[in-house]
Structure formats: structure tokens, C-alpha cells
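As a basis for the values below, the full set of heavy atoms in this structure was taken, side chains included, without hydrogen atoms, waters or symmetry mates. Each chain gets a letter, A, B and so on, in the order its sequence line appears, and its residues count up from 1.
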Amino acid sequence: MDYNFKEIEARWQQFWADNKSFKTTDDFSKPKFYCLDMFPYPSGAGLHVGHPEGYTATDIVCRYKRSKGFNVLHPMGWDAFGLPAEQYAIQTGTHPAETTKKNCDNFRRQIQSLGLSYDWDREINTTDPSYFKWTQWIFTKLYNTWFDAAAGKGKLISELPIPAEIASAGKQAIKEYVDQKRLAYYGEAQVWYCRTCKTVCANEEVLNDGSHEKCGTKEVERRFLKQWMLRIPHYAERLLEGLDGLDWPEGVKEMQRNWIGRSTGAEVDFTLAGHDKKLRVYTTRPDTLFGATYMVVAPEHELVTEITTSAQKAAVANYINTAAMKSELDRTDLAKGKTGVFTGCYAINPLNGAEIPVWVADYVLMGYGTGAIMAVPAHDERDFEFAQTYDLPIICILDPKEGTDTVTRNKVLSGQACWSDDGAYINSVNKNIGIDINGLTKEQGIQQVTSWLEIAGLGKSTVNYKLRDWLFSRQRYWGEPFPVIHWEDGEITLLDDAELPLQLPEVEKYQPGETGESPLSNAGEWLTVTDANGRKGRRETNTMPQWAGSCWYYLRFIDPKNESEPFAKAKENYWMPVDLYVGGAEHAVLHLLYSRFWHKVLFDLGIVSTNEPFQKLYNQGMILAFAYETASGSKVPSDLVTEKEGKYFHNETGDELRQIVAKMSKSLKNVVNPDDVVEKFGADSLRLYEMFIGPLEATKPWTENGVKGVYNFLRRVATFFGEESNLKEGAESKETLKMLHQTIKKVGDDVEDMKFNTAISQMMVFTNHCLKAGSVTRETAKTFYQVLAPFAPHLAEELWAMSGHTESIGTSPWPVFNPAFLTEEVVEYPVSFNGKVRFKLELPVGLTSKEVEEAILGHDLTKKWLEGMTIVKIIVVLGKIVNIVLK
RNA sequence: GCCCGGGUGGCGGAAUUGGUAGACGCGCUGGACUCAAAAUCCAGUGAUAGCAAUAUCGUGCGGGUUCGAUUCCCGCCCCGGGUACCA
């Protein structure tokens, strides 16, 4: 038969759709397998070849798992809120919902053309009110939850104990106390704001020179805006612990650990000369307190203005302004050196009473610790650099000791170099207050100083996290509206569950409000509400960030049509956790951390049954493309490049170009569209190539010639097995049986290990063998179709039907591997002399080492290599290799 | 700077409880088919030397352990990704 992939693929895609072949039922009696792809943002550009990579991998696993008897949940949906549709609305007036629908339809069409076995009845869309109703519902849960640190879990706000002194201070005090505990709160947050665009902008939109990327003006500033925030740091410890039990790439877990950034240290209070207030610092090295020679507070620190002397006022104010205008990158660029200004104020070192100057410097960040540090230049690189710049004293209190070269050690001791490793303390004694850590090691010192501070009431041991409150609102139209009303008397209330979903209003224009407010501030009637008592209120105009919808979509897939609850408990209990989650590594931290956070809150509230959402995570690598650049390194679009004898030339200039590997991009004209590949080679070829190109997790370049390779393989399968005369009755040859069973085993094992490239290679080896053999039995052929089916389902269905089946091949069980067919009668021993293989010798299986040794020593070929040499040793590794050591 | 990956033929990649390096595919070369080309089929294909048998070299570089190292250890170089002064 010819390989008419177009006809074959159309037929079977129709068959699967007509028969709802991949519809998942909630049959709780079967073992379940929940396999999830990171759902895409349906962009206007359509699918690129990177999407099908992960989708094909999960599809193969799903088809394989079904044939192994699992009840498989394999859904697809759209993460469809997002900026591009809104941008397009601003430019053209097209409603984002319209753009979104168009893009979703296109994505669905493209994905369906690949023959992926999704249960389309479970399709969800984050912009659908029946979906975001529950996103809003979860937000109300977050708002009404507090974290009980003692119990280590979230609880309903109604269970929050109110301390007596708060309770007696009145209603307002209680309200403030409660609000302070909620996981969601409304507060001030500093954001970038562009006065020209009248919008809040992202960190990366603000360029190094302080201009706004989108409009080019320098009208950007740091501004405080009222925002919704989530107290994710309360779950830091839980998020950290939870990682241990997950089957995730170690690197991703490490990235999450680093992001959470747990550190233990101490908070220490310093008195300020001439002030009542104390300056509290956080340090991981309380042991180096004797070496503190100055203090630094962040420019945003609340005490700065208060402690600055009049002589320094102008300089400090100027510095604060400059720091505020600096972009994050600018402020934190290592190459740019450190800056700071003296406040004129002095602090007292609690251990030795020394007066040390307090500086303002932007290398200290307000968002971490207490926003103030004690600087120990002798033992901290950053402080050292700063001290050198401003000529501040550097006092060594930790002797690097033996093992460090003399030059370095002397430099450290004289304050000319920084030492942050372990050593022995010097100059660290104050008999008057009963502290002496001289001679101790770092670990002992930290412990002793911390406990001294605690007893003296000057400080306490503290755990700190880098993880910060999550800024959870955006000044955009195209997002989930907050179910929140701000009343004229200042009260904030949330809508009742019965009032959800709160839908987006229709607006005339999508431009932001005058003062940086969301476009919803133009929404007229929708905006104002009046309660039963005539009190007026205004709806929240911010919307939720794109993360919101993707934080819990895996739960909705379980029961996507449920109208009375986000999902039925029994179904959740059966399907969770997700057994395999596949997506790009770019989501290693944020999406996966946010999702885990929500999940843990839902778990604490008894809404979900598992502590973690995603049991196994696998990252697919990026698919790149070849690109071209000139000798000077400038990129040349691919349509201007000609290949001649393996070299590449510029069509216009004739210059020789260098082939490089780069991300696919419009400007390089090297974007590969899956539609074109399906048109030219078929969906099975596209699927196979995406898997054959290399390991799933690797970054690899796309080549069209590679597609041709797998296409050839499929064509050969189609023509060989499609030819009646190649299929025979009777007993299969021993050799073919062995190959077949090797293939069953290898492919099965490789799918379990997500090693699809080697599985395909094995099927190629098998097919090559069949072609050489000339014919195989019908039984062999059918078994092979079953092995091929998860990878090239259309062709496998076709061949399966041709062999007389009326049911889909997907309903047949995975073939059973029989090791009996693999037994060998002979072993080929490579015989090496001094580690170099000289010849190979076939010997019967089952010989003892002694027998193998004798057989080899007695062999003619051995004699040549023994001439003039003496045997030192003979190593026989049974079944593997023989090595004879000569002298 | 730090953290995490990774360096194997012309190319994508196989092979690691240490045991025949280069499976499979692309490309290339030669042959068959064809008036010719494409497609397809067959054979060859790490480098060097040799007509050949064969020999030597060969998994980023330099050392080490071992009968034996792509695999383990030490030191370095390069590439990719992440991150940004976290006290």
C-alpha cells in the first residue's frame, strides 16, 4: 500500500471524534493516571513546533497507559486571559473575548490535526465566566483564611483567636488585627508607573537608562499604588518541605528552594545616639558583631528622615531620590560599584559600645530582612567593597588560620582583604558584659552570640525568607474581576458566593484610567453599588493576574462542567494528584510555586485531598532552529541564505555565513509552523520527529531533513506491512520473534522512562529487520502495530483495521513481553590484550570463567598476541568481556 | 560572581552499578532503476596510514585511580539556561 497519510489521518481523526474514543469516565474501580500538559496561552501567532513536543510526549504516555489498563485523564484547555488580546483591543476596539475565541479556535484546530488523544469534552477556558466564577471563589477563600503558625496550617478567619488587648480596644482594632492575618490583603505596593502611558509597567519594561520600553520617554517613576497582595511567605516552610517528596527534576526543586531562600540568623537592636528609637537589623552572622564598623539602612527605610542630621539632609534626600528612580537592574548591577550617603547619625555596637556611623545605601533592600544591616567589611564581600569605596574602618575578627596561604591571611588580618569562611575569632571579647568567643569556630560563635543577645534582650534568633508577598492585582481589563466592593466608609466587603461570577462589564474603550487605574474605572454603571441601607460603594477596578487562572486549572479538569462547586469531592479524591505534569522549564519557579501555594491553602481548608498537586514533573527542552550570521556576528534572515556544498552564503552580498542555533523568531525567518509539516509529511511524522530529534528534556534544533527520516520510516512500515504477500501464516522465525520481543520490552521501558527517541530507534531497527527478512507472520505484524500505536496512532489504526479488527487499536492491551524468546546460545566475547580489543570469539552460553579462559588461551588467534610476552593476569567478565594483561 | 545543565563523527544523537565508543536517523560517496531528474532500492561511510589484512589515534583540555574510563576523582577551558548585591 502507498503511504497516503492525508487520507489515513483524516479517517482516523474522524473515527476518534465520532466514537469519542478518548472520553474519560469516572470509573473509580480502575487504577487512574492523570496526565497533564501545561495549557497554552492561545496567541494570535498560532501553534509553533515547541507546543507539540510536550503534547506528543504526554500523548504517547497516555495511549500507552490506556493499553496497560489505566483510566487516563488527559485534558486540554486555554490560559486565555492576557495582555496581547487587550493590546489589540486598545488598538482596534475589538473585544478581547472575540480575539480570544478566534485564537482558541485556531489552536484547537491545530492541536486536533495532530491526533492527540485529549478528552475534548473537558476543554476549559480561564476567561469563561463558568470557570472564573471559581477562580473568584478561591480568592474569597484566600481572603477568609489566616495561617496558624503554631499549627503550621491555614484556617478559616472565623477561627482566628482575638487577643484580649485587641478585643478590648474596640471594633476597629479587631478589624485591623483580622485584616493583618488574612492571606489576601489590600495594601500599598511600590510599582513602576509611566506618566506618558498612564500605566503600571513591568520591571523588564523599564530600561537601564530609566526610559520606558514601550513609549521611549523617561517619564517612569516608582509609585505606591493600592494593590491586592497574597501572603505566600506564610507558606514558605510548607512549600519548602513539600518539595522533598516530589518526583521533580532536582534542578527545579533547587530553584524553588533558592527562590524561597530560607536563612537563619538573628535580629539585633542597635541604639541610636541621641534617639529613643532603636535600629533593628537582620544578620546571618551575629558572630561578627565585634567587627561591625558601620550600619546601612535602605533608602526606603522608615527611620531615614528621622535620623538624618540637618547637615546631611540635602545629600540624603538627593540620594533617596536617585535611588528611587533607579531601575532594579541599575541598582543591583555588580559592575557599577556601590554608592551611599552618611546620615550623620551614629549607632552603638551593643557588644563593645563603639559608636559607628549609619549610612544610607541602595545595596540594602527594604524588601528583605528589616531593611537595615550591620556592616562587617572584614567578613562580608559587599560591605568590604563599600567600606573601601568610602574609606570606612575594616576590623578583622576572624583569623583564617592554618591552611590559608600566608599572603592572604596577612591581608585579612590587616583588613586589606575580606574573609567570609570559617576560622578562629580574635578581638572578640568584652569581659564587662561576659562575652568571649575568641578562638571559637564560626558555628560556635553564631550560637554563643545569639544566645547572649537573647538573654540580654537585644536580639533574637530569626528565620528569614527571600520569598515576598505576591502582588496579585493588575491594572488591566482582560483578567478576572475581583469580587470586591470598596464602601464609602472605607469598609471592604467581598461578594457572596451566590453573586459569583462577577462578570466583566462592557466598556467603550480599553485605555487605562487617568490615574493609572484599570480600564474598569471607566465602566460606568457597573462600577457603583448601593447597599440596602443606601451606603454607596465602588467595585474593585483591578483585575487578577494571569497566574490566577492557571493556579488551579488542573482541578477543574476533573469536573469541568460542575455548576454547584469547583469540582466534586469524590472525583477529586480519585484523580488527584496529577501523576505526570509536562511543560517548559520557564515555569520552574513562579507558576509551580503559586499553584502549590493555592493547593496547600485548599488542602488546609479540606477542599482538596492531597498536600501537593503535581507528583511528577518533567520539563521539555526548547526546540530551536538553525540561523545564520555574518563574520561580524549580525544575524541574517533565513530567506536570504543559500547553501552550497555544506557552506552558507548571503544571497545579496555573497559573503560566507556561519550557521548557528537560535530561538525561532519572526525576524530570523526561521519559525517552523506545524501546519506546514502536517501538510507535507503528516501528523504521525511530525509526532515521531519531535520525539526522535533527541531527549525530551534537551534543547535541540529543528531540521526538515530529520522529518524526512522518520517519514521514510513510516512509509516503509506502511508499504511493507500493507503488502499482503509480506504477511504469512504459521510459525515465526526465531530471529524475528527475538527482535519483536526485544522491541516490546525496549519500547515499554523507554516510554516509562520518557526516553522516546530510543524507543523509536528500536522500532526502526525492528522494521529494518523485517524488510531484510522479507516476510513476517500476521501475528508478529499485529503485535508490532500495537507497539507503534502510541507513537504513530493513525498509521497503526489503519494497519490494525486492515488486519481485520473493527475496534480501535487503542482498546487492545499492550503486548506481553516474553523473555524466553531472548535467550541466546552463544556469547560473543571481545578478547582484549592490555585493554585493547583484538578479536571476537563466539563461545557457548553457560561456560564457567575457567572454561572461557581455557577456550581463549587455546585459540589460534590468541597465540599471536602472546608471542614474547608473559601473562600477568586474565580477567574474565562472564557474558561480557575478556582481558588478558601482558608484560 | 553564584547555582544548575551540557561538551561524543560532517550534523541530531546512542551507549554509563566502569567492560566491544559511535545504535538509529540525516548528510555524503558509489551502484541499480530512469531518455534524464526526482522519488525509491542496494552498498559504503570516525580520523590517519595502507591495494589490503591491519595498525595507530579518537568521547572539550591536563592529570589521577583501574586489568580496563565517554562513565569515577582532582584541576582547568568552552557553551547553554537561571539568577542578581538577600546581610
> Hey, is B/G12 sitting syn or anti, using the within-90° cutoff around 0?
Replying inline: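 For B/G12, whose glycosidic angle is more than 90° from 0, the conformation is anti.
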Using atom [atom1] of each nucleotide, how far apart are [N] and [M] to the nearest Å?
| N | M | atom1 | result |
| --- | --- | --- | --- |
| B/A52 | B/G58 | P | 23 Å |
| B/G80 | B/G60 | C1' | 15 Å |
| B/C35 | B/G44 | P | 28 Å |
| B/A69 | B/G62 | P | 15 Å |
| B/G7 | B/C72 | P | 11 Å |
| B/U59 | B/C11 | P | 15 Å |
| B/U17 | B/C78 | P | 32 Å |
| B/A21 | B/G68 | P | 14 Å |

Under 4.0 angstrom, heavy atoms only, what part of the nucleic acid is [X] near: base, sugar-phosphate, or nothing?
| X | result |
| --- | --- |
| A/Trp248 | nothing |
| A/Arg716 | sugar-phosphate |
| A/Lys840 | base |
| A/Lys880 | sugar-phosphate |
| A/Asn768 | sugar-phosphate |
| A/Thr283 | sugar-phosphate |
| A/Pro695 | sugar-phosphate |
| A/Ile693 | sugar-phosphate |

To the nearest Å, how far apart are [X] [atom1] and [N] [atom2]?
| X | N | atom1 | atom2 | value |
| --- | --- | --- | --- | --- |
| A/Phe766 | B/G25 | CZ | C1' | 19 Å |
| A/Asp380 | B/C86 | CG | P | 8 Å |
| A/Tyr689 | B/C24 | OH | P | 18 Å |
| A/Tyr711 | B/C26 | OH | P | 13 Å |
| A/Glu690 | B/G25 | CD | C1' | 16 Å |
| A/His301 | B/C86 | NE2 | C1' | 15 Å |

> What do you reckon, are the aromatic ring centroids of A/Trp359 and A/Tyr390 less than 6.0 Å apart?
Replying inline: yes
> Can you name the salt bridge (Lys or Arg N to Asp or Glu O under 4.0 Å) partners of A/Arg715, sequence neighbours left out?
Replying inline: none
> Would you call A/Lys880-A/Glu828 a salt bridge at under 4.0 Å N-O?
Replying inline: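 Salt bridge between A/Lys880 and A/Glu828, a charged N being under 4.0 Å from a carboxylate O: no.
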> Any ion pair linking A/Arg382 and A/Glu385 (charged N to carboxylate O, less than 4.0 Å)?
Replying inline: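 Answer for the salt bridge query: no.
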> For A/Cys418, what residues pass the side chain to side chain contact (heavy atoms under 4.5 Å, CB included) criterion, not counting sequence neighbours?
Replying inline: A/Glu381, A/Phe384
> What residues in residues 756-765 of chain A put a non-hydrogen atom under 4.0 Å from any atom of RNA chain B?
Replying inline: A/Asn757, A/Thr758, A/Ser761, A/Met764, A/Val765
Has [X] got a side-chain N or O lying under 4.0 Å from the OP1 or OP2 atom of [N]?
| X | N | answer |
| --- | --- | --- |
| A/Lys708 | B/U40 | no |
| A/Arg838 | B/A55 | yes |
| A/Lys700 | B/G12 | no |
| A/Tyr368 | B/A87 | yes |
| A/Asn712 | B/C26 | yes |

>> Does the plane of the ring in A/Phe784 sit parallel, tilted or perpendicular to the ring in A/Phe721? Use 30° and 60° as the thresholds.
In response: parallel
